[in-house]
Amino acid sequence: MARPPVEKANKRKYMLEKLSGRVFLFCALLSVISLLLIIGFVFFKGINPFVAEGYSFINFLFGDDWVPSEDQFGIFPMIVASIYATIGALIIGVPIGLFTAIFLAEIAPKKVAKIISPAVQLLAGIPSVLYGVFGLAVIVPFLQNNLGLAKGQSLIAVILVLAIMMLPTVVTVSETAIRAVPKSYREGSLALGVSHIGTIFRVVVPAAKSGILTAVVLGMGRAIGETMAVILVAGNSLIVPTSLTDSVRPLTTNIALEMGYAAGVHQEMLFATGIVLFSFILILNFVLAKISAKGGN
Amino acid sequence: MLKKFKTFGLVVIPLTILLSACTPSNDSESSNGGNYTLAISGSTSVGPLAEKLAAKYEENADINIEINQIGSSAGITNATNGVSEIGMASRDLKEEEIANGLTDQIIAYDGIVVVAHPSNKVDDLTIEQVKQIFTGEVTNWKELGGEDMEIVVVSREDGSGSRDAFQEIVGYSSGELIRNSIVASGNGNIKTTVATNKHAVGFISFEYIDESISPIKINGVEAKAENVLNGTYKLSRPFLFVYKDENLSEKGQQFIDFILSSEGQKVALESGVIPIK
């Protein structure tokens, strides 16, 4: 019973259609699988000392002493360092980034914007270790000489490097948000006699609020996860910082610094440090999702 | 039917590959033949060097060398009891250990140099002073005959073999290290940090010495390989193979002979320790 040729061709077409759908699905699944593998691996390794070897998770989170060779694992100084460094970078980076975005979107003549915009985007493409080298060669000696410090490797050096590093994220995302504000808002405000700058701060920025908040959270993620640049300028001392000039060891650098030689429990504790870091990122993503949901309304 | 198989294959085969890549295979361990197994155990500092020497030696000899890094004292005990044919130690033997009938053979030396900024006038310290610096008992160069400025201590990261060796020789533990010390990974990083900070003091391996930093003498003795070999430079330690003469097989003796040959000592030099010749 021979089928008509058209039906046969159609059948082939549908099969191919379905097959390519599966190929795409698999590609999409790859990233999910990677995520699950990474989470699984980090948690499997990191939880082990607490469930199997009787270490206290509370002591791990709030302990002041990190001396792996003497079986002491406390990451409190690093948690504090990570939080301080991130907040500090936000305080410096967000206003600069936001003003840059406003300038590019609202004020700058097209010619000027054409120079600044690519420059900011290029900043995002610089490998992070180069930021570290720049920090070590320029920022660290500068702080050392001008503040009369014994060592320039410090919290403030970390903050400065991170502030520069988060600029591209903050600028690009908030610029997009500002540009998305309908022209009629500006026209209405200007027509009522409000000045240009007044319009920007009273009308445009509030209207772009959720986009700008997204920019801030993304910048925060960049700051808290950064490793290579920080390792070179932080000094990596194991103290709870009490001043901007103290050298610090954020969570990320602790992992990168010691993973090379770590074995056994020491290595598992570094994975556990990774879990804490991961939790910070998860919280940030959760906040981000909340903001976007709000922005949608 | 065919369709289903294709989908199945698309998802399952890569998954299987992924998963099998995650499970370590132990096949390679047992397959590298050799009719004689030479058991060596001991110091974790000597271990990496011994591994390199064994790898080089196994290229041309029909032997399987098993190295267990379990610490100097355990290695010495194993050699005494005959559990291992050869023990590795990164410290001199104690008298009672020699009394147990152990023979020691120095296979190389480990040397570490304390370095400061070239502008620093302090160029000679005692081991006790080095200890005081790294434990934070002395915090100003003035107390050591230098300028009136704060000392910035630079250390390697916890777990590093150089750091373990330095602490062991100088005589302080990781917990005693001054808390606000800068921690840098790698010899090169320590060197750069010290070279760019006139307050700084750190320690590096011999082969990293150059003009960018100023090497500090220990008890008036310069950090040089010949001073390590003649025993005057104290920031060093011997790497030993220890064994009982009656337990040492011909194969074991041949391995030791290889280590002491110029070829073996070249491997030692390449792995960053001081050869005995």
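Throughout, protein chains are lettered first and strands after them, A, B, ... in sequence-line order, and every chain is numbered starting at 1. None of these values were measured; they are calculated from a predicted model.
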More than 12 heavy atoms of other residues, nucleotides or ligands under 6.0 Å from CE of Met165(A): is that the case? yes

For Ile182(B) and Gln153(A), the nearest pair of non-hydrogen atoms, with its separation, is CD1-OE1, 3.5 Å

Using only non-hydrogen atoms and a strict under-4.5 angstrom cutoff, which residues of residues 127-151 of chain A touch chain B? Gln144(A), Leu149(A), Ala150(A), Lys151(A)

Toward chain B, the part of Asp246(A) with a non-hydrogen atom under 4.5 Å: neither

Under 4.5 Å from any heavy atom of chain A, what part of Ser181(B) do you find: side chain, backbone, both or neither? backbone

Within 6.0 Å of OH in Tyr84(A), more than 12 heavy atoms from elsewhere: no

On a heavy-atom basis, which atom in Asp158(B) and which in Glu258(A) lie closest, and how many Å separate them? CB-OE2, 3.7 Å

Which bit of Ser173(B) is near chain A, if near means a heavy-atom gap under 4.5 Å: side chain, backbone, both or neither? both

Among residues 229-245 of chain A, residues within the sub-4.5 Å heavy-atom range of chain B, in order of number, are Leu232(A), Gly235(A), Asn236(A), Ser237(A), Leu238(A), Ile239(A)

Give a yes or no on whether Glu53(A) atom CD has more than 12 heavy-atom contacts from other residues, nucleotides or ligands under 6.0 Å away. yes

Give me the atom names and distance for the closest heavy-atom approach of Ala184(B) to Leu257(A). C-CD1, 4.4 Å

Heavy-atom contact with chain B under 4.5 Å, split by part of Ser247(A): side chain

Can you tell me which portion of Asp164(B) sits under 4.5 Å from chain A's heavy atoms? Options are side chain, backbone, both or neither. neither

